[in-house]
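For reference, the structure is listed below as structure tokens.
Side chains included, hydrogens not; waters and symmetry mates left out as well; all remaining heavy atoms used. Order of the sequence lines sets the chain letters (A, B, ...), proteins ahead of strands, with each chain counted from 1.
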There are 2 protein chains.
Amino acid sequence: MKSETILEQAALHCESRGRKLTAKRRQVLAGLVKSQKALSAYDLADYCRDKLGTSLLPTSVYRILEFLESLGLVHRLNTANKYVACAHVTCDGANEIPQFLICQSCGSVKEIGITKSFVQGLSQAVEKVGFHLANNQLELECLCADCVVQQGGVQ
Amino acid sequence: MKSETILEQAALHCESRGRKLTAKRRQVLAGLVKSQKALSAYDLADYCRDKLGTSLLPTSVYRILEFLESLGLVHRLNTANKYVACAHVTCDGANEIPQFLICQSCGSVKEIGITKSFVQGLSQAVEKVGFHLANNQLELECLCADCVVQQGGVQ
DNA sequence: TTGACGAATGATACAATGTAACATTTTTTT
DNA sequence: AAAAAAATGTTACATTGTATCATTCGTCAA
């Protein structure tokens, strides 16, 4: 899907919640959408400076990412300290619980859905030992198909 | 199990691999074993200074943690940027793939085993979309029983 | 015993990531 | 146009992590 279309959808999503997708916010989201991979806040500040010629300080990037995340437009990857555009920006609010496959070699990210029964099984195993699952978002360290080939198979 | 026993086992584990559990390394491991929770490298440096009165710079702590991890005596939690003592120090090498439940409120960590079939199911789901699972270690954001009670149930 | 070697630790500097607090600008509302 | 709210800028600093070189310690052979 064209990134312009995605950004338009995102703008509508913001409007429907009474928020605005401002120029700066659009820049940050566009950076994530176009890169197709996980970027840090500092990566995005560099992107705005180098590719767009607009200054955007890391602190502002953090604020904007927080905003975008609160609307479900981006996700924060805790294991990588990076952010990705939500793969379901265009398919309305009813997102599944996001699960991320993160290529440790090139940083590309695949967002997948995992069956409810699977998550439930996990949740039950956790409850069994007296803990409660507070976040269903899994982040899995992977290699993407390209990088598996490059590295000559599984290490 | 008494922490002294655990440390003795750890020392034997080192010897069997031709390495030494030096005084400093023992201090760091003891800090993790006694605290029963995840600590950052800087937490451990503070621990050595405040509780033990011995100076140990963060750089040294990082080196020591790296050493302990290479022997399977501690695990690094990527989501938390912290380290925990391996719960299976005393039960010899044949560890299962570690899965961690991390309390987001108090930092306590429970290391559990998850059935092989479960991990296999996950792995297959990942292969299906063209990625390869590079690390089977899951880190789950949880609340421990104590903190669930304190916070009045699930938020 | 000593000297050499390697392992372990110390020390310094810096890079990357993230937050707090307050100032300024822009937009909206009245 | 004035007031209020939202968005962004700015500065300072905290936390986490790495790179590099220096120093100390233990071991082993001559």
Side-chain angles (χ1 to χ4, degrees), chain A residues 10-11 14-15 17-32 37-50 52-71 73-84 102 104 107 139, chain B residues 10-11 14-15 17-32 37-50 52-71 73-84 102 104 107 139:
Chain A
C14 288
E15 298 289 347
R17 307 270 232 97
R19 315 303 302 272
K20 292 267 165 61
L21 189 67
T22 64
K24 304 274 187 184
R25 287 168 178 170
R26 181 184 281 257
Q27 280 174 25
V28 170
L29 183 56
L32 285 176
K37 53 181 223 173
L39 299 175
S40 74
Y42 284 77
D43 291 339
L44 284 163
D46 292 345
Y47 166 82
C48 289
R49 178 168 36 67
D50 298 343
L52 275 45
T54 64
S55 109
L56 193 57
L57 294 172
T59 45
S60 295
V61 177
Y62 275 110
R63 244 183 323 227
I64 287 171
L65 287 169
E66 196 176 339
F67 168 85
L68 294 172
E69 194 179 20
S70 76
L71 288 171
L73 296 173
V74 309
H75 299 291
R76 173 179 162 78
L77 303 178
N78 289 314
T79 48
N81 296 331
K82 291 186 193 313
Y83 299 80
V84 288
I102 307 166
Q104 299 293 295
E139 300 174 21
Chain B
C14 288
E15 298 288 347
R17 307 270 232 95
R19 313 302 302 273
K20 293 265 166 62
L21 189 68
T22 64
K24 303 276 186 183
R25 287 168 177 170
R26 182 184 280 258
Q27 279 175 25
V28 169
L29 183 56
L32 285 176
K37 53 181 224 175
L39 299 176
S40 74
Y42 284 78
D43 290 340
L44 284 163
D46 292 345
Y47 166 82
C48 289
R49 179 169 33 71
D50 298 343
L52 274 44
T54 64
S55 108
L56 193 57
L57 294 171
T59 46
S60 296
V61 176
Y62 276 109
R63 245 185 322 229
I64 288 171
L65 288 169
E66 198 176 339
F67 168 85
L68 294 172
E69 193 180 19
S70 75
L71 289 171
L73 296 173
V74 309
H75 299 290
R76 173 180 160 77
L77 303 178
N78 289 314
T79 48
N81 297 331
K82 292 185 194 312
Y83 300 79
V84 287
I102 308 165
Q104 300 293 296
E139 300 175 20

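Both A/Thr22 and B/Asn81 lie near DNA chain D, and the one whose nearest nucleotide falls closer to the 5' end is A/Thr22.
Extent of DNA chain C lying under 4.0 Å from chain B heavy atoms, first and last nucleotide in 5' to 3' order, is C/dA8 to C/dT12.
B/Leu44 has its CG atom 15 Å from the P atom of D/dT15, to the nearest Å. In this structure, B/Arg76 atom CZ and D/dT16 atom P are separated by 10 Å, rounded to whole Å. Summarising the geometry, the separation between OH on B/Tyr42 and P on D/dA14 is reported as 13 Å, rounded to the nearest angstrom. The interatomic distance linking A/Leu71 (CG) with D/dA7 (P) rounds to 10 Å, in whole Å. Rounded to an integer number of Å, the gap from A/Phe67 CZ to D/dT8 C1' is 13 Å.
For A/Arg25 and A/Phe67, the positive end sits near the middle of the six-membered ring, less than 6.0 Å away and at most 45° from its axis.
At least one donor-acceptor pair closer than 3.5 Å links the side chain of B/Asp43 to the backbone N or O of B/Ser40.
Other residues, nucleotides and ligands contribute only 12 or fewer heavy atoms inside 6.0 Å of the CD atom of A/Glu66.
Between A/Leu44 and A/Ile64, the closest side-chain pair of non-hydrogen atoms is not below 4.5 Å. Looking at heavy atoms from C-beta onward, B/Gln104 lies in side-chain contact with B/Ile102 at the 4.5 angstrom threshold. Proximity of B/Leu68 to B/Leu21: side-chain heavy atoms (C-beta onward) are separated by under 4.5 Å at one or more points. By the 4.5 Å heavy-atom criterion applied to side chains, A/Ser60 and A/Val28 are not counted as neighbours.
When each of B/Thr59, B/Leu65, B/Leu57 is tested with B/Val61 by the rule side-chain contact (heavy atoms from CB on, under 4.5 Å), just one qualifies, namely B/Leu65.
DNA chain D is contacted by B/Thr59, B/Tyr62 of residues 53-65 of chain B, taking any non-hydrogen atom closer than 4.0 Å.
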